[in-house]
Amino acid sequence: MASTNTASKLTQREAFSPNGKSVSSPKRWDLITIEHLSTDIILHLLERSDYYVEFLQGAGPFQKWKLLEGRTIANLFFEPSTRTRTSFELAERRLGADVTTLTPAVSSLTKGESVLDTVHVLESMKVDAFVVRHAVAGVPQFLSERLPSHVHVINAGDGVHEHPTQALLDAAELRSALGNLSGKQIAIVGDILHSRVARSNAWLLKKLGATVTFVAPETLLPRGAASVFGVEATNRLDDVLGMADAIMMLRIQLERQARGFFPNLEEYREQYGMTPERMARSNAYIMHPGPINHGTELEMESAYGARSLVLQQVKRGVAVRMAVMEWIFN
Ligand code: CP
């Protein structure tokens with residue numbers, strides 16, 4: 001699939017100023033990776049998500065924004081999603097956009113139409129931005145390189161490559177819980193090998209000065225992960241329990257794995273599950289991108305307990321995606 005080498009050209013405003021005004025003449029503002037996003041832009045998006053999260057608190061109605069009035073956004077989810085798809089839709093609607101969400105199973109994709117043809121068809125209906133999730137790494141970049149320069153692409157998770165908005169919302173919630181992340185210890189535990197969430201989080205948390213430790217069985221740690229991402233790596237969850245400020249549990253992605261990365265789910269839980277016994281030996285905040293395999297990586301009580309950020313992560317998802325849309329269109 002498409003190379004991601006040119007991502008930096010496409011993902012950063014060349015001359016970005018934190019007040020959101022462009023200085024030179026950027027043609028394309030896409031969000032494809034965290035790896036190629038500058039720390040300035042990341043901090044800007046996190047701060048803007050703080051602004052939006054404030055407005056989304058409480059039970060009462062709120063006034064919709066008009067920022068995206070006259071804009072049309074198409075959400076293309078070629079892989080299942082609950083949190084990301086719904087929160088993008090809500091973010092787009094709350095900013096006043098017209099929104100369409102393609103359901104691949106009842107689209108002409110089932111008649112053999114290609115992803116690129118589908119995007120060109122929608123683009124000819126005057127779509128201004130595509131939010132794309134696909135099982136194949138590189139698809140958002142591939143589309144970005146083939147669309148006119150005024151049409152934006154936002155990566156909503158591509159294969160095992162990146163999930164930029166997930167990492168942004170995770171960092172926003174970590175900052176809300178821990179303050180400045182410089183020097184903070186964040187453990188990411190589980191199926192690192194198949195996890196775009198782990199990759200985007202590693203890039204982002206390192207940019208914010210945190211120390212990141214990947215914790216996984218050797219079979220689920222990408223080769224050379226420590227040096228590629230500039231993180232620590234260990235096979236022992238028990239070693240990080242006492243020092244981690246936050247522990248991000250990952251879902252065991254049975255749909256992406258050939259079996260055989262670990263003997264069975266019971267053994268995985270014993271070695272890498274955040275069990276009640278391990279919860280008692282740690283003061284860390286607990287995070288999970290969802291969906292959770294309850295009873296494997298995390299117990300229900302811990303997932304929704306006092307030290308859990310899981311539901312705040314979900315709530316933050318809307319605010320972060322509003323911030324991303326504002327950055328892209330403003
Ligand atoms: N965290 C996340 O991407 O969840 P969904 O698959 O439900 O969107």
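For ligands, and for the atoms within them, numbers begin at 1 and follow the listed sequence. The first residue in the sequence is number 1, and the count goes up from there.
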Compute the shortest N/O to N/O distance between H163 and ligand 1 and return yes if it is under 3.5 Å, no if not.
yes
Is the shortest distance from a heavy atom of G290 to ligand 1 less than 4.0 Å?
yes
Pick, from R83, Q166, R196, the option with the minimum heavy-atom distance to atom 4 (O) of ligand 1.
R83
Looking at G317, A156, P289, S81, the heavy atom closest to atom 5 (P) of ligand 1 belongs to S81
Per-atom contacts of ligand 1 with T82, taking only distances under 4.0 Å to non-hydrogen atoms:
5 (P), 7 (O), 8 (O)
Considering only heavy atoms from C-beta outward, does the side chain of E162 approach that of N155 to under 4.5 Å?
yes
Which residue and non-hydrogen atom of the protein lie closest to atom 6 (O) of ligand 1, and at what distance in Å?
R133 NH1, 2.9 Å
re atom 2 (C) of ligand 1, the protein heavy-atom contact at minimum distance is T84 OG1, 3.5 Å
Strictly below 4.0 Å, N to O, side chains only: are [X] and [Y] in salt-bridge contact?
{"X": "R316", "Y": "D170", "answer": "no"}
{"X": "E270", "Y": "R278", "answer": "no"}
{"X": "R133", "Y": "D158", "answer": "no"}

Give the ring-plane orientation class for F78 versus H134, where under 30° counts as parallel, over 60° as perpendicular and anything between as tilted.
tilted
Which of parallel (below 30°), tilted (30 to 60°) and perpendicular (above 60°) describes F261 and H194?
perpendicular
